[in-house]
Protein chains: 2
Amino acid sequence: MEEIIVCEKNCNHDDKAVCIAKGAMLPESDVQRLAEMFKILGDPTRIKILHALTGRELCVCDLAETIGMGQSAISHQLRMLKGYRLVKYRKEGKEVIYSLDDAHILGLLCMGLDHINHS
Amino acid sequence: MEEIIVCEKNCNHDDKAVCIAKGAMLPESDVQRLAEMFKILGDPTRIKILHALTGRELCVCDLAETIGMGQSAISHQLRMLKGYRLVKYRKEGKEVIYSLDDAHILGLLCMGLDHINHS
DNA sequence: CTAACGTATGAATATATATTCATTCGTTTG
DNA sequence: CAAACGAATGAATATATATTCATACGTTAG
């Protein structure tokens with residue numbers, strides 16, 4: 001699956017470890033996308049939004065009140081979540097109603113919850 | 001499982017949604033710990049370190065060379081990972097050899113990889 | 001058409017974060 | 001004991017990030 005890269009530099013101690021580790025490295029693009037994805041989940045406000053939207057759809061205003069933050073802050077975060085396809089929206093009159101777009105990400109959230117509870 | 005909180009404020013539109021959403025909210029402490037945990041995984045360098053240490057132990061120097069970054073940068077990140085019990089170390093002469101301390105977290109990494117690949 | 005409402009947005013601010021540099025510490029080796 | 005090495009650390013810096021404020025936009029109601 002992963003291509004083997006030969007390590008050029010000769011370090012003083014055990015070369016082999018570095019060579020093997022280098023060869024096993026994730027492609028940079030995967031690393032970046034992974035980090036990006038986890039970073040999105042690494043913010044309390046965004047977690048609250050995603051969790052609030054599980055099994056429910058809510059307009060911006062209600063989200064803001066539910067979470068207890070300003071409308072603008074929520075809107076900015078929704079913009080980001082929208083960008084990563086984690087939420088979608090539908091317009092109804094003046095309201096914009098958000099819901100989850102990616103059920104898959106909930107698995108990560110749940111697994112995260114498991115992790116912080118069982119340890 | 002979760003205690004129901006009654007919402008006081010009367011918003012113009014549908015109160016019920018907010019009440020229910022508020023009642024279903026995660027405890028603040030859970031939210032914080034979840035976010036904290038994901039934030040740790042939300043950095044390319046830390047992902048590289050954790051991934052490099054899967055199935056292998058490496059000293060700081062080799063980690064730095066494997067990843068292609070300065071010793072100090074790696075050391076700072078290891079400090080953080082150590083703080084969250086994601087890595088452990090053992091000393092061998094002048095070297096400090098790190099390994100994973102929490103195999104559980106690898107599940108999250110893998111699941112993350114699945115997620116970015118199948119979507 | 002105008003006012004009111006819900007939302008989006010840009011700028012500003014405060015804060016957090018990662019990396020580098022210089023230095024120190026501890027261990028080993030000559 | 002002194003020099004060399006690997007690692008840790010603190011300060012400094014650069015950069016990213018979240019939130020607030022003010023305002024603009026679009027829709028609806030009067």
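Every chain is numbered from 1 and lettered A, B, ... according to where its sequence line falls, protein lines coming before strand lines.
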- Item | Nucleotide C:dG6, atom C1' - distance to CG of A:Leu63 in whole Å | 13 Å
- Query: A:Met80 has an atom CE; how far is it from atom P of C:dT9, in whole Å?
  - Reply: 15 Å
- Query: Is any side-chain nitrogen or oxygen of A:Lys39 closer than 4.0 Å to OP1 or OP2 of C:dT17?
  - Reply: no
- Note on the structure: Hits for salt bridge (charged side-chain N to carboxylate O under 4.0 Å, His left out) against B:Glu36, two or more places apart or cross-chain, chain-then-number order -> none
- Query: With B:Ala64, which residues qualify under side-chain contact (heavy atoms from CB on, under 4.5 Å), at least two apart?
  - Reply: B:Ile74
- Length of the line joining A:Ile47:CD1 and D:dA18:C1', which is rounded to integer Å: 15 Å
- Message: Assess the residue pair B:Arg56 and A:Ile20 against the criterion (side chain to side chain contact (heavy atoms under 4.5 Å, CB included)); give the C-alpha distance rounded to whole Å, side-chain angles, the decisive distance to 0.1 Å, and a yes or no.
- Response: CA-CA 9 Å; B:Arg56 212 181 338 272; A:Ile20 297 173; 3.4 Å; yes
- Query: Any side-chain N or O of B:Tyr89 less than 4.0 Å from the OP1 or OP2 oxygen of D:dG6?
  - Reply: no
Name each donor-acceptor pair under 3.5 Å that joins a side chain in residues 102-113 of chain A to protein atoms two or more places apart or in another chain, with its distance.
residue	atom	partner	partner atom	Å
A:Asp102	OD1	A:His104	N	2.9
A:Asp102	OD1	A:Ile105	N	3.4
A:Asp102	OD2	B:His115	NE2	2.8

- Calculate the interatomic distance between B:Leu78 atom CG and D:dG6 atom P; express it in whole Å. 16 Å
- Kindly compute the distance separating CD (A:Glu95) from SG (A:Cys61), expressed to the nearest 0.5 Å. 7.0 Å
- Query: Do any pairs count as a side-chain hydrogen bond (donor to acceptor under 3.5 Å, both in side chains) and have a residue in residues 37-48 of chain A, sequence neighbours left out, and if so which ones?
  - Reply: A:Arg46-A:Gln77, A:Lys48-B:Glu28
- Query: In whole angstrom, what separates B:Ile67's CD1 from C:dA18's C1'?
  - Reply: 14 Å
- Message: Tell me the interatomic distance from A:Leu41, atom CG, to D:dT17, atom P, rounded to whole angstroms.
- Response: 14 Å
- Qualifying ring pair (Phe, Tyr, Trp, His ring centres under 6.0 Å) pairs, either residue in residues 59-91 of chain B, two or more places apart: B:Tyr89-B:Tyr98
- Task: Please list, chain by chain and in numerical order, all residues satisfying salt bridge (charged side-chain N to carboxylate O under 4.0 Å, His left out) with A:Arg90, sequence neighbours excluded.
- Result: A:Glu57, A:Glu92
- Only counting residues at least two apart or in another chain, list the ones meeting salt bridge (charged side-chain N to carboxylate O under 4.0 Å, His left out) with B:Arg33. B:Asp30
- Item | Heavy-atom protein contacts under 4.0 Å, nucleotides 19-30 of chain D, coded B base, S sugar-phosphate only, - none | SBB-----BS--
- Rounded to 10°, the angle between the first-five-pair and last-five-pair axes of the helix from C:dC1-D:dG30 to C:dG30-D:dC1 is 10°
- Query: Could you state the CD1-C1' distance from B:Ile97 to C:dT27, rounded to the nearest angstrom?
  - Reply: 14 Å
- Atom-pair distance (CD on B:Glu65; P on D:dG6), nearest Å: 11 Å
- Look at the side-chain N and O atoms of B:Arg79 and state whether any lies under 4.0 Å from the OP1 or OP2 oxygen of D:dA8. no
- Message: D:dG6, OP1 or OP2 - any side-chain N/O from B:Tyr98 closer than 4.0 Å?
- Response: no
